[in-house]
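Any value given below was found using the heavy atoms of this structure, including those in side chains, with hydrogens, waters and symmetry copies removed. Whatever order the structure lists ligands and atoms in, that order sets their numbers, starting from 1.
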Amino acid sequence: MEPRVDPSQRIARIASHLHPPTSQMEEISLLRRSDCRAKGGAPGFKVAILGAAGGIGQPLAMLVKMNPLVSLLHLYDVVNTPGVTADISHMNTGAVVRGFLGQPQLESALAGMDLIIIPAGVPRKPGMTRDDLFNINAGIVRTLCEGIAKCCPGAIVNLISNPVNSTVPIAAEVFKNAGTYNPKRLLGVTTLDVARANTFVAEVLGLDPREVNVPVVGGHAGVTILPLLSQVNPPCSFTPEEITYLTDRIQNGGTEVVEAKAGAGSATLSMAYAAAKFADACLRGMRGDAGIVECAYVASQVTELPFFASKVRLGRAGIEEMLPLGPLNQFERAGLEKAKKELAESIQKGISFVKK
Ligand SMILES: NC(=O)C1=CN([C@@H]2O[C@H](COP(=O)(O)OP(=O)(O)OC[C@H]3O[C@@H](n4cnc5c(N)ncnc54)[C@H](O)[C@@H]3O)[C@@H](O)[C@H]2O)C=CC1
Ligand SMILES: O=C([O-])CC(=O)C(=O)O
């Protein structure tokens, strides 16, 4: 017969496992990960979400908690992470979840992470451009990237905070100043532009959106979002009216959501979906899977601009190859010139912010 245990002792024992001191928590999560390896399971990656209590952060945390490649998930924000962490931690999926609240806990949130996803910052309201967010979000991204340079300089960074066309150059400058910059590991997330393009094109063609693939290049704001409708897979053709309609809708998809939400923010659910998909692609690349190709806004030699969104092949170290743009038609070549003009200014604005 089992020895009788005082119920209050049993509860105390359970509570000490639920809220162990940090070092003990570290030990528990390490034990779980080595168990997993011993059984031949997938190696677990450590992922942190910065801005995890926000409109994107919360559903993104849920989706990343469901990713079997993740063994440890750190949720950092300046508000509300205890609640979000408690909530997400009750999902019976493999990843262990830990919450971190406020600047004093930033370094603990970042230490030892493999992948950092950043949706921290303010969203648009109707009438604003993404560039109108620069003044607040530039400083947030700089501070978070300084933390990354100090605590997990080898991590891959997925940057979501707008204006992405400027925040990625800001992150690059911060990492350069810290001597940790590796352009292969810094990726601006433009997956939502591809998701929208696939959805809208599929609607026009009467296809399943999961079977459509539209490359979207350039950047992540207005005319810098350049869908290459001449390269849609499966191959297809459009009337001039369809091209005008689709290009306009893809370039203004974010504004469509901002206006529909009427002051309550911008895309959060579709963005969380897109960010989770992109993070999964990065993790599969890091695991060594072959043939992982995604569009992303990265340091680039594809055009004369220092940053540009285009197809990249992902691998163990981040970006392994930058794919060429491929043949553009006349409409796309004209779009590219417009995109480059605006992008050049946004990139310079980001660089000057850190250099000033
Ligand atoms: N790349 C893309 O395709 C997209 C980018 N975005 C951008 O993502 C950002 C976040 O959007 P939402 O989640 O809707 O905004 P939100 O306001 O709902 O959430 C942002 C979160 O960031 C947190 N935060 C603020 N300062 C912080 C700091 N210093 N450190 C850590 N966390 C901090 C806030 O407390 C909040 O919880 C916005 O800049 C938005 O424009 C949004 C949709 C698509
Ligand atoms: O439009 C916005 O402000 C948010 C965003 O980047 C998008 O939905 O593509």
Side-chain angles (χ1 to χ4, degrees), residues 48-61 74-85 99-107 109-110 116-148 157-168 170-171 187-197 199 216 218-222 224-225 249-261 263-279 294-297 309 346:
I49 300 177
L50 314 182
I56 296 168
Q58 292 198 34
L60 177 59
H74 280 189
L75 303 181
Y76 173 80
D77 203 301
V78 290
V79 294
N80 297 338
T81 37
V84 175
T85 306
F100 301 85
L101 182 64
Q103 180 74 23
Q105 295 189 3
L106 176 62
E107 294 192 3
L110 294 171
I116 311 286
I117 313 175
I118 311 183
V122 290
R124 283 200 284 166
K125 288 191 182 333
M128 292 170 81
T129 65
R130 291 179 180 81
D131 186 59
D132 292 333
L133 305 171
F134 186 97
N135 287 344
I136 299 180
N137 291 353
I140 293 174
V141 168
R142 176 170 58 189
T143 306
L144 296 175
C145 289
E146 284 166 355
I148 292 168
V157 177
N158 290 179
L159 191 41
I160 296 169
S161 317
N162 270 317
V164 168
N165 291 354
S166 302
T167 54
V168 171
I170 289 173
L187 302 105
V189 182
T190 60
T191 319
L192 182 54
D193 300 315
V194 175
R196 286 177 177 142
T199 305
V216 183
H220 180 67
T224 72
I225 300 170
R249 187 147 185 229
I250 295 162
Q251 290 183 332
N252 295 302
T255 306
E256 183 178 320
V257 178
V258 168
E259 281 169 3
K261 291 199 174 181
S266 55
T268 52
L269 303 172
S270 51
M271 183 59 231
Y273 161 79
K277 205 161 172 260
F278 187 68
E294 295 285 335
C295 289
Y297 181 66
S346 304

Self-check item: For G254, atoms of ligand 2 separated by under 4.0 Å from a heavy atom
Solution: 1 (O), 7 (C), 8 (O), 9 (O)
Quiz prompt | Atom indices of ligand 2 within 4.0 angstrom of A267 heavy atoms, with elements | solution =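 By the 4.0 Å cutoff, the relevant atoms are 8 (O).
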Could you tell me whether a side-chain N or O of [X] sits under 3.5 Å from a main-chain N or O of [Y], the two making a donor and an acceptor?
X    : Y    : answer
Y76  : Q103 : yes
T191 : F278 : no
N137 : V122 : yes
S266 : G254 : no
S166 : S346 : yes

Self-check item: Whether R196 lies under 4.0 Å from ligand 2, heavy atom
Solution: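 R196: in contact with ligand 2 (<4.0 Å).
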Quiz item: Non-hydrogen atoms of V257 versus ligand 2: any pair closer than 4.0 Å?
Solution: no
Suppose we measure from [atom] to each protein heavy atom; which comes out shortest, and what is that distance?
atom                    : value
atom 1 (N) of ligand 1  : I160 O, 3.1 Å
atom 44 (C) of ligand 1 : M271 SD, 3.2 Å
atom 17 (O) of ligand 1 : P123 CD, 3.4 Å
atom 19 (O) of ligand 1 : G54 CA, 3.2 Å
atom 1 (O) of ligand 2  : R124 NH2, 2.7 Å

With backbone taken as N, CA, C and O and side chain as the heavy atoms from C-beta onward, which portion of [X] lies under 4.0 Å from ligand 2: side chain, backbone, both, or neither?
X    : value
D193 : neither
K125 : neither
L133 : neither
H220 : side chain

With only distance considered, is [X] within less than 3.5 Å of ligand 1 through an N or O on each side?
X    : answer
G55  : yes
N162 : yes
L192 : no
A120 : no

For ligand 1, which atoms have a heavy atom of [X] less than 4.0 angstrom away?
X    : answer
N137 : 39 (O)
T268 : 14 (O)
V79  : 35 (O)
V164 : 1 (N)
Y76  : 30 (N), 31 (C)
A267 : 42 (C), 43 (C)

Nearest non-hydrogen partners of [X] and [Y], listed with the distance:
X    : Y    : answer
G147 : L106 : CA-CD2, 4.4 Å
G219 : A309 : N-CB, 4.1 Å
T129 : D132 : N-OD2, 2.8 Å
V216 : A197 : CG2-CB, 3.8 Å
A120 : L144 : CB-CD1, 3.7 Å
G54  : D77  : N-OD2, 3.7 Å

Practice problem: Please state which part of H220 comes within less than 4.0 Å of ligand 1, counting heavy atoms only: side chain, backbone, both or neither. | Solution: side chain
Self-check item: Contact partition for P119 relative to ligand 1, non-hydrogen atoms under 4.0 Å
Solution: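 P119 to ligand 1: backbone contact only, side chain stays beyond 4.0 Å.
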Quiz prompt | Spacing of H74 atom NE2 and I117 atom CD1 [to the nearest 0.5 Å] | solution =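 H74 atom NE2 to I117 atom CD1 measures 13.5 Å (nearest 0.5 Å).
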Would you say the side chain of [Y] lies within less than 4.5 Å of the side chain of [X], judging by non-hydrogen atoms?
X    : Y    : result
I160 : V164 : no
V189 : M271 : yes
C145 : I170 : no

Proximity winner for [atom], if only heavy atoms of [options] are counted:
atom                    : options                : result
atom 22 (O) of ligand 1 : G147, G121, A275, A221 : G121
atom 27 (C) of ligand 1 : V78, I56, D193         : V78
atom 39 (O) of ligand 1 : L133, I140, L101, V122 : V122
atom 37 (O) of ligand 1 : L106, N165, D77        : D77

Quiz item: With a 3.5 Å cut-off and no angle check, do the side chains of N165 and T224 form a donor-acceptor pair?
Solution: yes
Quiz prompt | Test applied, side-chain hydrogen bond (donor to acceptor under 3.5 Å, both in side chains); reference residue, R124; option that passes from T255, D131, N162 | solution =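 That would be T255; it is the only one of T255, D131, N162 passing the side-chain hydrogen bond (donor to acceptor under 3.5 Å, both in side chains) with R124.
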